[in-house]
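Just so it is clear, the model here is predicted, and its values are computed rather than measured. Just so it is clear: chains get the letters A, B, ... in the order the sequence lines come, proteins before strands, and each one is counted from 1.
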Amino acid sequence: MQYYFKIVEKKWQKIWENSKTFKAHEKSNKPKYYILEMFPYPSGNLHMGHVRNYTIGDVLARYKIMNGYNVLHPIGWDAFGLPAENAAIKNETHPQKWTFDNIKNMKKQIKKIGTSYDWSREIITAEEKYYKFTQWIFLKLFENNLAYQKKSFVNWCPSCRTVLANEQVVCGKCERCKNIVGKKNLKQWFFKITNYAENLLSDLKKLDGWSDKVKNMQSNWIGRSTGVEINFKIDEINTLNSPKLMSENFLTVYTTRPDTIFGVTYIAIAPEHPDIFKIIHGKQNESECRIFIEKAKLQSEIIRTSSETEKDGVFTGSYAINPINEEKIPIYITNYVLCDYGTGVVMGVPAHDTRDFEFAKNYNIPIKTVIYPKEDPHFEVSNCAFEANGILKNSREFNEIENTEAIEKIAHYLENKKFGKRKINYKLRDWLISRQRYWGAPIPIIYCPKCGIIAESEKNLPVKLPENVKFSKNKKSPLADCDEFINTTCHKCGKNAKREVDTMDTFVCSSWYFLRFCDSDNIEVPFSPNKANYWMNVDQYIGGIEHAILHLLYSRFITKFLKDLGYLKENEPFKNLLTQGMVLKNGSKMSKSIGNVINPDEIIEKYGADSARIFIMFAAPLEKDLEWNDSSVEGAYRFLKRVWKIIIYFKNIKEKKEKAFSEKTDENTKTLKRAIHYAIKKITEDFKNSSLNTSISRIMELCNALYKYKETIDYNYNFNIVNEAIENILIMLYPFAPHICCEMWLIWGKETNLVFTKWNKFDKKAIETDEVQIVLQINGKIKDKLFIKTNLNGDEVKNMALNNQKIKKALNEKEIVNFIYIKNKIVNIVIK
RNA sequence: GCGGGUGUGGCGGAAUCGGCAGACGCGCUAGACUUAGGAUCUAGUGUCAUUGACGUGGGAGUUCAAGUCUCUCCACCCGCACCA
């Protein structure tokens, strides 16, 4: 009987599908377990990264079922997005057709892996029944003033011809097409994720099941800092000639270092600052300033925000007054101050800030030392800024105070005198969600000449994406040209009105899909709170690290928002997060341009899904990158054939009913028994630690032990132990290689369903041995090994050790200084 | 610059509380079976050396004992980065 994986895999995939083995129900008295892999974008073909992702999820899902959990393991498609539209333009097809064809193809590919998905819950975000509720979420955010429109300088990708969220700009380039992103002053839709900045940050602490890496990345991204906003009065402002009077003639700076306020020697303001023209108006430097401001606008984002860029600026001709000491200091427009962080104005302290130091050197601005290192009271800043902690000087009543303490004291002083206010700032910006593209969920907003900007009414959802539109390369969004879509009636006044033509970022679709899986057929509401509260949160989420910020942050935000509205009990979507490594070939990521892509279909065709799964799980720890290796896949295949062969061997003996099996328990039986239970113990631990690469090696060891047993006793096997070994090999191998195990289970004569068979507990007694091997060392160097009875007392061991030939020889009558015995482990004799 | 991580044979990777470094697999070597072998099985496989020594990026330290703990240096990877 040969192992024909093609027949076996096809057979079992059909059985699971037809008998709906993995359909999840809420009605169960087992504890629930929701396991989810990040759903794919239907790009056309499955790649090895997908296979790794889904295999990991599947192994865990199948293991959890065996351990008595009511498992939800769904999958769907993140189906909106730009590639579909670009493909449509290129191939003169419709994004919808392109997307759904791809889904069909990839679904077929995924099924070949043999994953345990509940396909009845499959969702496609581009379907009306899904995006209807994406729009519903928009409406809820709008109702709660968390979706709003504003005109601002936004990231614009000229190649994708749309705006991008900050999170989608990587190193100044478009996350998707890698083109350089520019800035445009546009009116756009935003979600007020900043309202949740504090929660998003502080709740990270609760996420024990997330790696520090991801938590740090999110924490960095949110970028909380505590400081003080301080008002600097503008001296001699030319209010008469000013085009628009400032309500108060102040410039407000933000600083985290109020302890350095006596060292301020200038004020730096961003060129984009809204008050800039009021400051320069009528001053003798005005034209020079205007040129500088224009120049700064033209500078690309990458250059503007790079710390390498030379610090440049121009004196405005205006002065400000430092509130704490009434000093008159110049105001500069500078290229290094960012307009959209803090207040867009910075107090320049050259002595204690590297950037200010560089700027001051360039413009001959005085450098005033106000902090000195403890060990050097005469310290003066000369070559570079002193940013470390120290003691204050030149700071009046705050002199001789440690600066860490002075931060508090001066902040308090400034607040008391009403010169400023404590302030917490975040780097996190609001989430820009509108896109000037067609293939996305339309933003359900109506522009009515009478009622203004109003939300579409809930009962009119979905705002359908029209199918009959034209795509062309250089024009704006097809929706903007589609009269049938644009023209509508206002649901409030009944008058003619126009629709918003922008669509939503696809990250909006994916920020709530895990909730939809809980209740994917519901046509009334996005999900019933009962069902969502039953399944949520996701017990184990698995996906690539590339979503560490984008998708995971957005999902956390939407979850918190829906919780605040009372639709959910949980305020975090993903309890445990596993970020799997990439699949590499020849050290680099598989890509068409390098030509190192391994096609999953071909691998499955050649070795079968089970072998592919085994290799993927075995070759590297889950979180690490995995180097693809063809011969290792073959090794996995070889291993499965070995399993197959030995079980067939014993099956044949069993069926011949010769007197091959006995009830005898000898040393070999015990050894095999020990191997079985040791494997159960270790693999159970492996699952607890997500260290599944070692699990495979332990099953291999157990399989080797069975081979050894077979060879050592050669007939007259103990049936019970052989049966126990085979049963456990199949149970433990099953999550990794489900097809072959189900088939073997049947061949071995089992009538139960392996899928729902209980994972065994190990027998502590079976692992214990009568004899242990201990190591004999002299001064930490191994001299010999010794088998002794387990749990012998120290004196007995000492005797045995000292009488050991090799030890005797090595000791050579030297003086023994110390004798160390660690029970059942090691003897170390210390000599001079 | 800041934050996080990694460093172990020819390769992927194992090593509970500090207690036999290199499990398991790939590759390689030899042998068996075979018309054949890119199938299968068996044995071997860290380095050097005829004893034994040396070995987990380098150096130091703690300890009877260090891949594991401490300090320090180096290399590489990832994330953030003019965030005041």
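B/G9 shows a glycosidic angle within 90° of 0 and is accordingly assigned syn.
Between A/Phe615 and the options A/Phe736, A/Trp628, A/Phe639, A/Tyr607, a ring-ring contact (aromatic ring centres under 6.0 Å, His included) holds for only A/Trp628.
Atom CD1 in A/Ile831 sits about 15 Å away from atom P in B/C64, given to the nearest Å. Taking atom OH of A/Tyr707 as the reference point, atom P of B/U40 lies 11 Å away to the nearest angstrom. Rounded to whole angstrom, the span from the CE atom of A/Met347 across to the C1' atom of B/A84 amounts to 8 Å. When the C1' atom of B/C20 is taken as reference, atom NZ of A/Lys823 falls 20 Å away, rounded to whole Å. Protein atom CG of A/Asn629 is 14 Å distant from nucleotide atom C1' of B/C28, rounded to whole Å. We find that CD1 of A/Ile822 is positioned 9 Å from C1' of B/C64, with the value rounded to whole Å. Between A/Phe615 atom CZ and B/G25 atom P the separation is 15 Å, expressed in whole Å. Taking atom CH2 of residue A/Trp644 and atom C1' of nucleotide B/C41, one finds them 20 Å apart after rounding to whole Å.
At the heavy-atom level, A/Asp212 lies nowhere under 4.0 Å from the strands shown. Using a 4.0 Å heavy-atom cutoff across all strands shown, A/Lys645 reaches sugar-phosphate atoms only and no base atom. Within 4.0 Å of A/Val346, counting heavy atoms only, lies at least one base atom of the nucleic acid. Residue contacts for A/Gln773: at a heavy-atom cut-off of 4.0 Å it reaches a base atom on one of the strands shown. When heavy atoms are screened at a 4.0 angstrom cut-off, A/Lys213 is found touching the sugar-phosphate backbone but no base atom. Residue A/Asp356 is classed as having no contact, given no heavy-atom separation below 4.0 Å to the nucleic acid.
Both distances falling under 3.5 Å, in either a Watson-Crick or a G-U wobble arrangement, occur for no nucleotide opposite B/U51. B/G1 is paired with B/C80 under the criterion used here, namely a Watson-Crick or G-U wobble arrangement in which both key atom distances are under 3.5 Å. Using the Watson-Crick or G-U wobble rule with both distances under 3.5 Å, B/A43 pairs with B/U29. Figure legend. B/G61 is base-paired to B/C69; pairs are counted as Watson-Crick or G-U wobble with both atom distances under 3.5 Å.
Contact annotation: the side chain of A/Val345 never approaches that of A/Asp275 to less than 4.5 Å [non-hydrogen atoms, C-beta and beyond].
Taking every heavy atom of residues 693-702 of chain A and every atom of RNA chain B, pairs under 4.0 Å involve A/Asn693, A/Thr694, A/Ser697, A/Met700, A/Glu701, by number.
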Exercise. For A/Glu634 and A/Lys641, what are the C-alpha separation, side-chain angles and deciding distance, and is it a salt bridge (charged side-chain N to carboxylate O under 4.0 Å, His left out)?
Worked result: CA-CA 10 Å; A/Glu634 241 176 274; A/Lys641 279 194 286 190; over 6 Å; no

Problem set entry | A/Glu768 vs A/Lys764, salt bridge (charged side-chain N to carboxylate O under 4.0 Å, His left out): CA-CA, chis, key distance, verdict | CA-CA 7 Å; A/Glu768 283 168 7; A/Lys764 212 172 161 190; 5.7 Å; no

For this session: Please test A/Ile371 against A/Arg257 for side-chain contact (heavy atoms from CB on, under 4.5 Å), starting from the C-alpha separation and ending with a verdict.
Result: CA-CA 12 Å; A/Ile371 295 172; A/Arg257 294 290 304 271; 3.4 Å; yes

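Side-chain nitrogen and oxygen atoms of A/Lys641 include at least one within less than 4.0 Å of the OP1 or OP2 phosphate oxygen of B/U40. Applying the 4.0 Å criterion to OP1 and OP2 of B/A84, one finds that A/Tyr336 has every side-chain N and O outside that range. Look at A/Arg642 and you'll find a side-chain N or O under 4.0 angstrom from OP1 or OP2 of B/C41. Side-chain nitrogen and oxygen atoms of A/Arg638 include at least one within less than 4.0 Å of the OP1 or OP2 phosphate oxygen of B/G27.
Among B/A84, B/U16, B/C20, the nucleotide with an atom closest to any side-chain atom of A/Ile782 is B/C20. Distances were taken from every side-chain heavy atom of A/Lys311 (C-beta onward) to each of B/U42, B/C82, B/C20; the shortest belongs to B/C82. Closest contact between the side chain of A/Lys781 and the listed nucleotides B/C54, B/C78, B/G27 involves B/C54.
Ring orientation note: the planes of A/Tyr336 and A/Phe359 are tilted relative to one another, at an angle of 30° to 60°. Between A/Tyr3 and A/Tyr637, the two ring planes are tilted [angle within 30° to 60°].
Residue-environment remark: OH (A/Tyr707) exceeds the threshold of 12 foreign heavy atoms within 6.0 Å.
Salt bridge A/Lys361/A/Glu358: absent, no basic N to carboxylate O contact under 4.0 Å.
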